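Notes to accompany the following structure.
Here the structure is a predicted model, which means the values were calculated and not measured.
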Amino acid sequence: MTAPQQIRVRFAPSPTGYLHIGSARTALFNWLYARRMGGAFILRIEDTDAVRSTETSYEAILDALQWLGLDWDEGPLIGGPYGPYVQSARQVLYHNEVQKLIERGKAYRCFCTPGELQEMRSDATERGLPPRYDGRCRNLPGDEVERRVMQKAANVIRFRMPAGKTRVYDLIRGAIPFDNVELDDFVLIKSDGKPTYNFAAVVDDAKMKITHVIRGDDHLSNTPKQVMIYKALDYPLPKFAHLPMILGSDKTRLSKRHGAASVQEFRRIGYLRDGLVNYLALLGWAFDDKTEFFTRENLIKKFSLKRVGKNPAAFDPDKLNHIDGEHFKKLSLMEKVVLVFDRLQEHDVFPSDFNVSEWSIAELNDRERASVIERKETNNSHYRDELPRLAIIIKVMGNRLKNLKDAPNMLAYYFKDEYPVDHRAYEEHLSNANTAEHLKALAGELWELETFDRSTIEKVARGLAEKRGISAAAIIHPCRVALTGKSVSPDIFSVIHLLGKEKTVQRLGAAVDHIVGLPKK
RNA sequence: GGCCCCUUCGUCUAGUGGUUAGGACGUAUGGUUCUCAGCCAUGAAACAGGGGUUCGACUCCCCUAGGGGCUACCA
């Protein structure tokens, strides 16, 4: 009995842009598999495309992975026994390996120019043949090759594809047959000396002892070529698992025109990382017929490659919102407060000239009060005094605030005088002269209050309605629009309380002015 | 064009020869309420099409269609 070999998987992005949501899903599945199996998750940067690779992108990708919490066991920043983990630093390796192939007659130098190749292809296409390399440099005599290399003639190194068939075994799709003639004498080393993706990936995966290659579906057609390289180099073959693609709502490849497409965009919008991770896990994988909510620990516990599906999945923002919301809902009040607080700061929702006085902390229970006070003392933000009131606001908002991302817009009216306004609500509730009278009276009574807490406010408002012989709703609805700009909000008496006496009276006054200023009908 | 992959409600999916084809998102209706959210109740909504195999196909095979990928000195 040999000890079971350690599972090693890798995520190998090329630094040519932000971390795309599809790549993030690939990274996640690799990470989950590694964590599930007690294996190693390796990060490798495939920057063999000198033109498109950038340093900014490299940093953005690492940053996105860190934010997602997909920590790697070997790779950039931390190194490892099989480094370096950036392909541009592994040149020598590729050359040694390709040298072996040349010596074994499994690869050869090709001196064809891009122009010649282009001609070759259009020629073939014209004659209705598949465009392939015609093999004209396949059997150049050795001394001829040597002579041209000495002359520094530009050349690439091609794989000498043998005739026959190659079968790929995919963990998700089973056996897939390919005919080698379709594979072509593809390029291993470009004329700039850099390896192509197919070659570098194989050498690195082999040298890094990768046991499972889990990657996007778009690589499936590359796999037989890679299998041929493994065989030519006598490398042990890893297992392959090709994940279905993630598509946009129109079932075409997900891109910017579908809205957010990169991890950093979702982060900026305000999604919770665990919400995004949970949603991504559900794209192409399902644990059973009902479970959808997963913490990352549970994901690790339940993940398996066997339950990965074959069909491409369309990205559904609605469902993401829902899953994200489920994670937000599970947060404790203080966790929400901290998150929302930071987010409001990022969105400049705390203008310095907006002060709310005369509200009470009585709406919090003892435990909540203690923890918010502790939080306030340890927070060093300029706006930390807002924390207690924010805690009450979030409590009062309850499940109306479904996602963190909505906080700046939904809560703006509590913190500043410029907030989104629904004009239809104004027309509906703030257009009647009687309403102006009611609101004026309400403002007057509120202004006189000694104790400005929720129950007193409610008593006053309802009492006023009774005195004036109108329904409470006739005051409540206009009041809501006057104070929040919308026709929906939490319990209006709580809103009044949280806005404080001064702001409430001020906004009621503005609403009265608005009605009075309306053209007479 | 060639090769390869994929195809269950609008979307994500469960399902592995015999099920009223299940769940979730979204959506519709009613109830509760100061609005909304929530909650409760009730709906609508799918096996791409056609051939086989079989006593019996969503499930197995073939074809067609549609979508996707590869076909680069991109990854």
Item to complete: Return the set of residues passing side-chain contact (heavy atoms from CB on, under 4.5 Å) with A:Lys459 (not counting sequence neighbours), or none when no residue passes.
Response: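 Testing A:Lys459 for side-chain contact (heavy atoms from CB on, under 4.5 Å), a comparison that skips the adjacent residues, returns none.
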Fill in: For A:Thr26, side-chain contact (heavy atoms from CB on, under 4.5 Å) partners two or more places apart
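With neighbours one apart ignored, the set is A:Phe11, A:Asn30, A:Leu243.
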Worksheet entry | Residue list, side-chain hydrogen bond (donor to acceptor under 3.5 Å, both in side chains) with A:Glu458, at least two apart or on another chain |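 Scan of A:Glu458 (side-chain hydrogen bond (donor to acceptor under 3.5 Å, both in side chains), adjacent residues dropped) gives A:Arg454, A:Arg462.
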Fill in: Those residues that, when tested against A:His438, pass side-chain hydrogen bond (donor to acceptor under 3.5 Å, both in side chains) (two or more places apart)
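Result, side-chain hydrogen bond (donor to acceptor under 3.5 Å, both in side chains) vs A:His438: A:Arg468.
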Which nucleotides of [range] have their base under 4.0 Å from a protein heavy atom (B), which only their sugar-phosphate (S), and which neither (-), written as one string 5' to 3'?
range	result
nucleotides 58-75 of chain B	---------SSBSSSBBB
nucleotides 20-27 of chain B	--BBBSS-
nucleotides 35-50 of chain B	BBBS------------

Item to complete: Please name all residues satisfying salt bridge (Lys or Arg N to Asp or Glu O under 4.0 Å) with A:Lys165, sequence neighbours left out, ordered by chain then number.
Response: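 Listed in chain order: A:Asp179.
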Listed partners of [X] passing ring-ring contact (aromatic ring centres under 6.0 Å, His included), at least two apart:
X	value
A:Tyr413	none
A:Tyr271	A:Phe266
A:Phe293	A:His327
A:Phe29	A:Phe303

Fill in: A:Thr484 side chain to A:Lys486 backbone, donor-acceptor under 3.5 Å
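Here the side-chain-to-backbone pair exists.
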